[in-house]
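Lettering follows sequence order; numbering is per chain, from 1. Below, all heavy atoms of this structure are taken into account, side chains as well, without hydrogens, waters or symmetry copies. Everything numeric here is computed off the predicted structure, so don't read it as measured data.
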Amino acid sequence: MDKQRRKFLKIAGATALAGISAPAVVKLTSTPALASSGHGKAAEHGAAEHKPEGHGGEDSAKGVRLGMLIDMRKLYGHPELLEKVAAACIKVHNIPQIEGNKNEIKWIWDMAYKNVFPEHSSYHSSKITEENNFLVLCNHCDEPPCVRVCPTKATFRDEKTGIVSMDFHRCIGCRFCMMGCPYGARSFNWMDPRPYIKEYNPDFPTRMRGVVEKCNFCGERRALGQEPACVEAVKDVGAIVFGDLNDPDSEIRQILDKEHTIQRKPSLGTKPSVFYIV
Amino acid sequence: MIEKVFKGNSNYWMWLAFLSAFVAVGAICYLRQFVYGMYLTGMGRDLSWGLYISQFTFLVGVAAGGLMLVLPYYVHNYKTFGRITILGEFLAIGALIMCLMFIMADIGQPLRGLNMILHPTPNSMLFWDMVVLLGYLGLNIICGWVILTAERKQVKPPKWVYIFVYVSIPFAVSIHTVTAMLYCGLPGRHFWLSAITAPRFLASAFAAGPALIVIACLIMKRVANFDAGREAINKLTTIIMYAALINAFFVLLEFFVGFYSNIPGHKHSLQYLFFGIEHHGVMYNNLVPFMWGSVFLCFGGLGLFAYMKIKDTGTDLMIGIGCAMIFIALWLDKGLGFVMGGLAITPLEEIVEYYPTANEIGITLGIWATGFLIVTLLYKIAVDVEHEVEA
């Protein structure tokens, strides 16, 4: 009797174990590439022409890589424009307005130069950089550390656009991506965000408690042929340019070719897609 | 063997009741967090990991520490550890269950936890941490149970179980290495971005785990008539001393790299932890007393052990105090300082201090109590089996 029970338990245990691990094994063996499969494709194309790169240097990549150029010269002395940018984003993306640093959600906001560009700080910085704030948002890195660390592929790099996106339904809220991001671009919904949405926009989903969110380069507006909300907000002065960094004829490339631009923390090798003229 | 947990004297039941009270409080606190949300914790946008993850990190070390008993006994055939090796394996089980509970307490959508398995992501260190932690848990359950059953029946353990025993040795190293890799591979987190993180974790683990086992042995000698043997305890304290010294050496190396290179990113966290750091005219130093407490407890404990070794004396109480000092020192160092020190300086160059909330502390104590409860029950089984064999 005892022996039979033992045998049954053994078989039941082994079956349960196999059942639990089966999906993992199937998934791991069936998908050819890893989650950040940007490397997979890039390697196929770029292996032959590998160039040496220094800190922050980049190979010329293939495919579409959407990027943003923020011409701060057109925003100096106009804090109201920075506010307008943030307000446009808040409205379009149903971003909750929660008081205090602890629980707040931010996609695009402004901060002092030394916070935004700690690697570029100098002893006597110019009055302009001292007195003005700079726009901060997700850099949509070409080598995003947040994607590398996410244990569920809830944040991923869209191969068609280069946008680093979030799947709010898959995110388990471990906040590892917030640890991985060296730019502080991500926010976690510590509380239910819905009561804090001032003006509801039915065209974009609201989020639930316990997931991470961040700027998505207005992927949903781009699908409708619209520009990102922040670009549109300061269209009059043309302070923000958005486009394909890999297209030599795009407006953003024309400006990048002409002007000296900087990126945030280039030495970390994340290859940010947001450029600044300061 | 499970029936043994249902028989015990009144002290045993009092202890279980005492722990259960904490478990109950922790459960209520967790229900609050589950229903209302994680804003009930002290974590926030800028400091988004806190007490849960730091306890997880420390307890992975406690689990790995059992290796210091398994390795000498099974690889070097060091018979003196024969009676207590099972304690190392059972402590690992309790510690690993605590680790998994801390992870579940920490994630914002615990009901989606299975996404880790449904969408396995090999480039994430968290995925590998799950794999090795579950693997090590399984190995310890198999090895501990099979070997104890064999002991009870007074037969040699089956040969196949030794495969699992030997596999568990690299697994013990891997759980803490992979846990260190959660931290040391993140760009822009200067304090964690150090190749010595994994060795340092292992060194502190090999002191903290055995320290807890020695304390448990000394308590069981008084209350459960279980004597691990003088020689075994002495050998363990020697292991604890070396491991704690190596950990201290690694911490000093971090100081050298930070302050000699004079690179701000490498210095700031150490400054914040040990001396306090000034930012916009505000002094941030809430962890300074804890870190110096850690230093004094560590060297105090080491001094006490050195005295006992040189003079060849020492009561059980002195040994217990020495182990407790080192255990608390390492808890302060890794269960508090390492995670908070790395997070206090944010990627946007601000400084944020962390104060856990009462609810968060309630959950944390509840999980610790659950772990102690599990370890108590397992040790009860192990000790009763020993008594049964001796009788």
With side chains defined as the heavy atoms from C-beta onward, is the minimum distance between A/T152 and B/R112 less than 4.5 Å? no
What closest approach, in Å, do A/P151 and B/F127 show between heavy atoms, and which atom pair accounts for it? CB-N, 4.4 Å
Contact summary for A/R170 and B/N115, nearest pair of heavy atoms: O-ND2, 2.8 Å
Is A/Y196 atom OH crowded by more than 12 heavy atoms from other residues, nucleotides or ligands, each under 6.0 Å away? no
Heavy-atom cut-off 4.5 Å, strictly under: side chain, backbone, both or neither for B/R45 against chain A? both
Of the non-hydrogen atoms in B/I107 and A/I172, which two are nearest, and what is the gap between them? CB-O, 3.4 Å
What is the minimum heavy-atom distance between A/G184 and B/P347, and which atoms define it? N-CB, 3.6 Å
Residue A/A185 versus chain B: region with a heavy atom under 4.5 Å: backbone
Which answer fits B/L182, side chain, backbone, both or neither, if we ask what part of it has an atom under 4.5 Å from a heavy atom of chain A? both
Of the listed residues (A/C181, A/P182, A/G180), which shares the most heavy-atom pairs with chain B below a 4.5 Å separation? A/P182
Polar side-chain atom of A/K102 near backbone of B/Y39 as donor-acceptor pair, under 3.5 Å: yes
Check against side chain to side chain contact (heavy atoms under 4.5 Å, CB included), B/L186 and A/V149: CA-CA 9 Å; B/L186 304 175; A/V149 300; 3.7 Å; yes
Does CD in B/E3 sit with more than 12 non-hydrogen atoms of other residues, nucleotides or ligands closer than 6.0 Å? yes
Best-contacting candidate, A/A154, A/P145, A/A112, A/C171, against chain B by heavy atom pairs under 4.5 angstrom: A/C171
Checking heavy atoms, do the side chain of B/S48, its backbone, both or neither come under 4.5 Å from chain A? both
Please classify the contact of A/R186 with chain B as side chain, backbone, both or neither, using a heavy-atom distance under 4.5 Å. backbone
Heavy-atom side-chain proximity of A/C174 to B/L126 below 4.5 angstrom: yes
Do NZ/NE/NH1/NH2 and the carboxylate oxygens of B/D106 and A/R175 come within less than 4.0 Å? yes
More than 12 heavy atoms from other groups under 6.0 Å of OH on B/Y36: no
How long is the gap from OG1 on B/T346 to CE on A/M178, to the nearest 0.5 Å? 11.0 Å
Engaged part of B/Y183 at the chain A interface, taking heavy atoms whose separation is under 4.5 Å: neither
Part of A/M111 lying under 4.5 Å from any heavy atom of chain B: side chain
Would you compute the distance between atom CG of A/N189 and atom CD of B/Q109 and round it to the nearest 0.5 angstrom? 9.5 Å
Answer yes or no: does atom NE2 of B/H279 have more than 12 heavy-atom neighbours from other residues, nucleotides or ligands under 6.0 Å? yes
Counting only heavy atoms closer than 4.5 Å, note whether A/Y183 contacts chain B via side chain, backbone, both or neither. backbone
Note: vs chain A, highest number of non-hydrogen pairs under 4.5 angstrom among B/L348, B/V352, B/T41, B/L111 is B/L348
Do you know the tightest heavy-atom contact between A/W190 and B/M43? CH2-CB, 3.3 Å
